[in-house]
Amino acid sequence: MILEDKKLALVALGQFLKQFSQATFSKDQQVLGNEVFYSRFEEAVVSAVHYNGWFTVDQVVLSIQSWSAALTLEELNQWTQAYDFDREPLKNVGLILAGNIPLVGFHDFLSVLISGNIVSVKMSSNDQRLLPILADYLIFVEPRFKERIRIVEGRLEKFDAVIATGSNNTSRYFEYYFDKVPNIIRKNRNSLAVLDGNETKSDLIALGSDIFTFFGLGCRNVSKLLVPKGYNFDAFFEAMFEFQDVIHYEKYSNNYDYNKAVFLMSNFKILDNGFLTIKEDESFASPISSVFYEYYEDVTDLKKELKLQEEKIQCIVSNNLVDNSIAFGQTQFPKLWDYADGVDSLSFLLKL
């Protein structure tokens with residue numbers, strides 16, 4: 001298959017997903033395959049919440065919105081222009097996907113296909129409703145994908161390379177089990193926000209989206225704030241009240257009550273607004289319903305420290321205070337070329 005044919009199939013998929021990218025779904029009669037896939041996918045989006053207690057329909061829709069925006073010809077052209085697609089490796093690439101947020105492993109899935117390889121997907125039990133339908137849709141619009149997409153029910157076998165996503169604990173198992181083949185093994189990472197006190201209210205509300213979207217379960221969710229010495233959190237908490245309804249979700253509320261109780265029983269000093277606690281802590285990974293913070297005195301020194309810690313960081317949000325940071329509110333809308341852990345997986349796949 002040539003690259004242009006793959007792009008056209010992915011653009012068709014983007015147009016299909018666009019119908020589900022708003023709270024009220026909107027069926028477009030011009031979209032290819034709707035008679036087969038529209039109702040099926042609509043049901044899967046709505047019912048996904050029954051298979052993962054952390055999923056909500058709104059959050060599934062948000063993930064779909066991100067992908068429908070990414071799968072346009074313009075975005076695909078920009079993504080692929082820096083690579084050589086003259087040959088197709090046609091290697092069997094095993095994917096082990098996480099299930100913490102909807103369609104979290106979809107970028108790896110698309111990368112394997114556009115690189116000209118064969119994908120064998122081992123899905124998480126927490127997120128297995130949506131991807132099989134999207135795989136079927138791609139096969140419908142481009143039948144040659146049928147021999148290149150495999151959904152694995154049991155053990156992942158007969159692979160030439162592997163991309164596996166898990167925790168720091170599971171990564172040790174992955175590294176041992178897959179050490180004989182080319183691999184990308186992803187571990188825990190967290191995202192940070194660097195503030196200087198000059199942020200507007202709209203900046204801070206957008207930061208709230210970076211914190212609360214997907215209940216903070218994703219590696220691109222901000223779990224720690226870096227603030228100047230003497231920073232006043234009043235404006236931050238005022239902006240966070242835009243997200244107070246999060247406490248009405250039982251699983252989030254249970255985590256809030258539990259983690260707050262642990263902090264208080266441990267005599268930790270915390271700030272609390274009734275649905276979010278913040279705690280001064282050097283760690284990057286905060287528990288659900290909490291954000292850690294740490295003071296800095298000099299931005300130049302902070303940049304040096306962040307460089308030393310880059311293997312623990314997924315992304316950084318700021319108003320251009322540090323290099324390569326992204327705008328507030330954009331953590332859950334990565335571009336196709338924003339690779340997880342900073343590892344260029346498409347280059348890896350093309351060289352197999």
Side-chain angles (χ1 to χ4, degrees), residues 52 54 63 93-112 119-128 131 152 155-156 159-194 210-211 213-226 255 259 281-288 290-292 294 305-317 322 324-326 331-332 334-349 351-352:
N52 186 328
W54 284 107
S63 179
V93 180
L95 298 184
I96 298 179
L97 306 185
N100 50 325
I101 65 176
L103 290 173
V104 67
F106 199 51
H107 188 276
D108 288 333
F109 175 81
L110 296 179
S111 296
V112 175
V119 62
S120 295
V121 187
K122 178 68 176 175
M123 294 182 295
S124 166
S125 59
N126 290 325
D127 182 23
Q128 55 182 334
L131 191 145
V152 178
R155 186 176 179 178
L156 188 64
F159 44 82
D160 301 305
V162 168
I163 300 177
T165 302
S167 66
N168 289 342
N169 289 331
T170 58
S171 69
R172 288 191 286 269
Y173 165 77
F174 291 153
E175 287 168 349
Y176 171 78
Y177 189 73
F178 300 123
D179 70 336
K180 299 294 193 298
V181 298
N183 63 69
I184 295 175
I185 308 297
R186 301 204 179 101
K187 306 176 183 179
N188 289 346
R189 290 209 179 200
N190 296 96
S191 297
L192 320 174
V194 180
D210 297 324
I211 293 170
T213 299
F214 306 124
F215 300 112
L217 289 166
C219 63
R220 297 184 67 88
N221 284 106
V222 169
S223 58
K224 184 167 183 175
L225 309 176
L226 297 166
N255 275 268
N259 290 317
D281 198 298
E282 292 183 355
S283 300
F284 286 170
S286 61
I288 295 168
S290 182
V291 172
F292 291 159
E294 192 172 352
E305 179 60 28
L306 293 175
K307 183 66 176 176
L308 293 174
Q309 301 278 2
E310 63 183 357
E311 289 190 0
K312 299 178 182 178
I313 300 170
Q314 190 63 256
C315 59
I316 299 175
V317 181
V322 298
N324 300 316
S325 61
I326 60 178
T331 60
Q332 302 303 330
K335 295 293 189 178
L336 290 166
W337 48 91
D338 290 332
Y339 294 104
D341 298 5
V343 177
D344 188 333
S345 50
L346 185 52
S347 179
F348 166 82
L349 291 163
K351 293 176 182 177
L352 292 176

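Remember, predicted model here, so these are calculated numbers, not experimental data.
- Leu225 CG to Ser286 OG: the interatomic distance, rounded to the nearest 0.5 Å, is 9.0 Å.
- Partners of Lys122 by salt bridge (Lys or Arg N to Asp or Glu O under 4.0 Å), not counting sequence neighbours: none found.
- The shortest distance between side-chain heavy atoms of His107 and Tyr339 falls below 4.5 Å.
- Using a 4.5 Å heavy-atom threshold, the side chains of Asn221 and Thr213 count as touching.
- Checked against side chain to side chain donor-acceptor pair (under 3.5 Å), Asn324 has no partners two or more places apart in sequence or in another chain.
- Residues satisfying the side chain to side chain contact (heavy atoms under 4.5 Å, CB included) test with Tyr173, not counting sequence neighbours, are Tyr177.
- With a 4.5 Å cut-off on side-chain heavy atoms, Ser120 and Leu156 count as touching.
- With sequence neighbours left out, the side chain to side chain contact (heavy atoms under 4.5 Å, CB included) criterion links Asp108 to Leu95, Ile163, Thr165, Arg186, Ser345.
- For Phe292, the ring-ring contact (aromatic ring centres under 6.0 Å, His included) test picks out no residue, with sequence neighbours left out.
- Residue pairs that meet the salt bridge (charged side-chain N to carboxylate O under 4.0 Å, His left out) test with at least one member in residues 336-345, sequence neighbours left out, are Arg189-Asp341.
- The salt bridge (Lys or Arg N to Asp or Glu O under 4.0 Å) test applied to Lys351 returns no partner, not counting sequence neighbours.
- Between Asn100 and Asn126 the shortest side-chain heavy-atom distance does not fall below 4.5 Å.
- You'll find the side chain of Leu131 reaches within 4.5 Å of the side chain of Phe109, heavy atoms only.
- At least one side-chain heavy atom of Ile288 sits under 4.5 Å from a side-chain heavy atom of Leu217.
- Partners of Glu294 by salt bridge (Lys or Arg N to Asp or Glu O under 4.0 Å), not counting sequence neighbours, listed by chain and number: Lys224.
- Under the rule for a side chain to side chain contact (heavy atoms under 4.5 Å, CB included), the partners of Gln128 that lie at least two apart in sequence or sit in another chain are Met123, Ser125.
- Applying the ring-ring contact (aromatic ring centres under 6.0 Å, His included) rule to Phe159 yields the partners Phe178; only residues at least two apart in sequence or on another chain are considered.
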Report task. Evaluate side-chain contact (heavy atoms from CB on, under 4.5 Å) for Val317 paired with Val194, printing each intermediate quantity in order. Result -> CA-CA 6 Å; Val317 181; Val194 180; over 6 Å; no
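- Partners of Lys187 according to the side chain to side chain contact (heavy atoms under 4.5 Å, CB included) rule, which considers only residues two or more places apart in sequence or in another chain, are Asn168, Ser171, Glu175.
- Residues passing the salt bridge (Lys or Arg N to Asp or Glu O under 4.0 Å) test with Lys307, sequence neighbours excluded: Glu310.
- Using modelled atom types and a 3.5 Å distance limit, the side chains of Ser167 and Asn169 yield no donor-acceptor pair.
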